[in-house]
Structure formats: C-alpha cells, structure tokens
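Notes to accompany the following structure.
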Amino acid sequence: MPKMKSHSGAAKRFKRTANGGFKCGASHRRHILTKKSTKRKRQLRKAATLHPSDVRMTARLLPYS
C-alpha cells in the first residue's frame, strides 16, 4: 500500500497569530548571502505575515485550523 500523503510540512512552516492570521519565515536566507545587501538580510530575518488570500489556503492545510 502506498504511503498516505499529508500536508504536515505546512504545520512546520506557518504559525498562527492571536488574531487569526499566519506568520511565516522569509525565504532566500540559506545561502549566497554575500550578494545581498545588509538591509535585505535584515528584513529577511523577521517573520512575514501572509496575504489574506494565502491565509485561506493555509488554513485548510493545517490540521488545527
């Protein structure tokens, strides 16, 4: 029997806020940091909030929503 597919990766990538929104970590932060400006690297450090249209899709993927 094949392995059952799930969306458990979404639970690791997103955190639900108190107001019902979602926060996610910024991408492009893993390698090739020498080309990126200090301002860009500083902005990548903080968590970003998802757009409301993406929140609807993410809420369906997470098991505790």
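A distance of 11.0 Å separates CG of L33 from OG1 of T38, quoted to the nearest 0.5 Å.
Closest of all the heavy-atom pairs between K36 and K41 is O-CE, 3.5 Å. Across A47 and K23, no two heavy atoms sit closer than the pair CB-CE, 3.7 Å. Across H28 and L44, no two heavy atoms sit closer than the pair O-CD1, 3.7 Å.
Side-chain contact check for F14 versus L50: some heavy-atom pair is nearer than 4.5 Å.
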